[in-house]
Amino acid sequence: MTTPATVSAREIAAQIRLGRRSAAALVDGYLDRIEATNGAISHDGGPDDINAWVRVYSERAQRHAREIDSRTVHPGGGWLAGVPLGIKDVISIDNAPATASSRRIPVRDTAPPAEVWRRLASAGAIPLGHTHTHEFAAGPTTDQCANPWDRTRSAGGSSGGSAAAVAAGMIPAALGTDTAGSIRLPAALCGITGFKPTLGSVPGTGVIPLGRSFDHVGPLALTAADCALIFDVCAGAADPGPIGKRDRTPRPLAGTVIALIGRPSPEGLHPDVADGLQRTADALRDLGATVTELDPPQPAPDVLTELTALLMTDIWRFHSSLRPHPAAYQADVAATVTQAATLAMPDDEYAAAQSRRSRVAAAWDAWFTGNRVDAILEPTCPIPAPVRGRRGDAHPERYRLLEFTSWWNYTGNPVVALPSGIGGTSRLPVSASLIGRRRGDRDVLQLAVDLQEVLPPTPLEL
């Protein structure tokens, strides 16, 4: 495991199913990697520590791995046989409930596992541990974690621990959640691939919510091919065969239409991000796709205002049941919960706002169909990883980080965030996103797999 960041989850599972690899040896190798690279495990995080993990389940993972190795042949259902995963600390697993990286929720011995974990476990996945999140997934930075590319920089959030663990090669893949960008932002800042599925395609049962009507559960991995396999298992696909390179060459995307919709960043794109977006567009053209500029549906809604009103209502509906007290939360989350109590809408206003949201999503469906668009291309984040803040503080770049991502939580469209190179100025990863039609998850993942044949991620060597 000299270059663990390059190990493919689907290759691991295939080799273990055939008895060509030891799950126990693999788990031991990743545990050694965590020991060597993670640093101390804590709620607040040290300046020199990546601190991707809240809890590591060494004995449990080793026991599961030995059980898998004891089977000489794995049935067809073991699509993730022996694959160690990091699980964001809002997703409960068997006998290891989530705590949302919060001191407010005590660690208990038993709790029902999330449905998505039941599916992963049934496919043979091994839980290596729970990864850090911005407390209660209520922020885009996870500042108790460091970015493995530069430990003075943010890993992004709220699935920051999952992204940092994958980028540092401590795990081949991880599970996260995304309410306004929380899978895609850390994937972008840490130089890996993240997938936000169509809203509702992966069950949220057993997941600690931020905003129930916006939360998406999805995978983070080095490549889109691994994300596709894990998504299929999470979504309950009967035959989650891995997506591969298309047979049509050398221009497999001939006839594919990719749209640029020109949504501006108020402060402009960082030059490294703009360069990465251009690289991605050029690579798509080289594969035969038509990349064209189109206007979005009209009239364009004030998505941020609508999303904020709905999300604050969702947040308050959950946190009011916890009988919140500001001292029980880190400072920035306490401010969010207090704001949610003030902004929460009455039921009739909430229902009307959700109806407006449904109409906007339907307008985008019609736009995709009417323009024969296969995917939209835009930046994932307007800047590379900003300087890391301090846990509990409101990060000065927090709203800027969400400029592009939150729109697609409002509409529910599937989005793949893909590495688009290393910035020539920042020397940090940059990212572009492909946004697909609602319920076109595998189609947009296939585009991402094809794209990564010519624009692959850059693994980090630690």
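Along the sequence shown, the residues carry numbers beginning at 1. Please read all numbers here as calculations on a predicted model, not as lab measurements. These numbers come from the heavy atoms of this one structure, side chains and all, not from hydrogens, waters or symmetry mates.
For the salt bridge (Lys or Arg N to Asp or Glu O under 4.0 Å) test, residues two or more places apart in sequence or in another chain that qualify with Arg391 are Asp44. Every residue two or more places apart in sequence or in another chain that forms a salt bridge (Lys or Arg N to Asp or Glu O under 4.0 Å) with Arg390 is listed here: Asp393. Legend: residues meeting side-chain hydrogen bond (donor to acceptor under 3.5 Å, both in side chains) with Asp441, ordered by chain and number and at least two apart, are Thr198. The side-chain hydrogen bond (donor to acceptor under 3.5 Å, both in side chains) check on Gln452 picks up Thr193, with sequence neighbours excluded. Under the salt bridge (Lys or Arg N to Asp or Glu O under 4.0 Å) criterion, Arg437 pairs with no residue at all, not counting sequence neighbours. Not a single side-chain hydrogen bond (donor to acceptor under 3.5 Å, both in side chains) links Thr133 to another residue, sequence neighbours left out. His270 pairs by the ring-ring contact (aromatic ring centres under 6.0 Å, His included) definition with nothing, not counting sequence neighbours. Annotation: salt bridge (Lys or Arg N to Asp or Glu O under 4.0 Å) contacts of Arg400 (sequence neighbours excluded): Glu267, Glu403.
A side-chain hydrogen bond (donor to acceptor under 3.5 Å, both in side chains) check over residues 220-231, counting only residues at least two apart or in different chains, returns the pairs Ser8-Asp226. Sorted by first and then second residue, the pairs that involve residues 160-170 and meet side-chain hydrogen bond (donor to acceptor under 3.5 Å, both in side chains), not counting sequence neighbours, are Thr131-Ser162. Residue pairs meeting the salt bridge (Lys or Arg N to Asp or Glu O under 4.0 Å) criterion with at least one member in residues 144-170, sequence neighbours excluded: Asp150-Arg153.
Under the 30°/60° scheme for interplanar angles, the aromatic rings of Tyr57 and His130 are found to stand perpendicular.
Between the side chains of Lys88 and Ser158, at least one donor N or O lies within less than 3.5 Å of an accepting N or O. Inspection of the Arg184 and Ser431 side chains reveals no N or O donor paired with an N or O acceptor under 3.5 Å.
Checked for salt-bridge contact, Arg119 and Glu115 meet the test: a charged N lies under 4.0 Å from a carboxylate O.
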In a table with atom names and distances, give each donor-acceptor pair under 3.5 Å that connects a side chain of residues 203-212 to protein atoms at least two apart or in another chain.
none

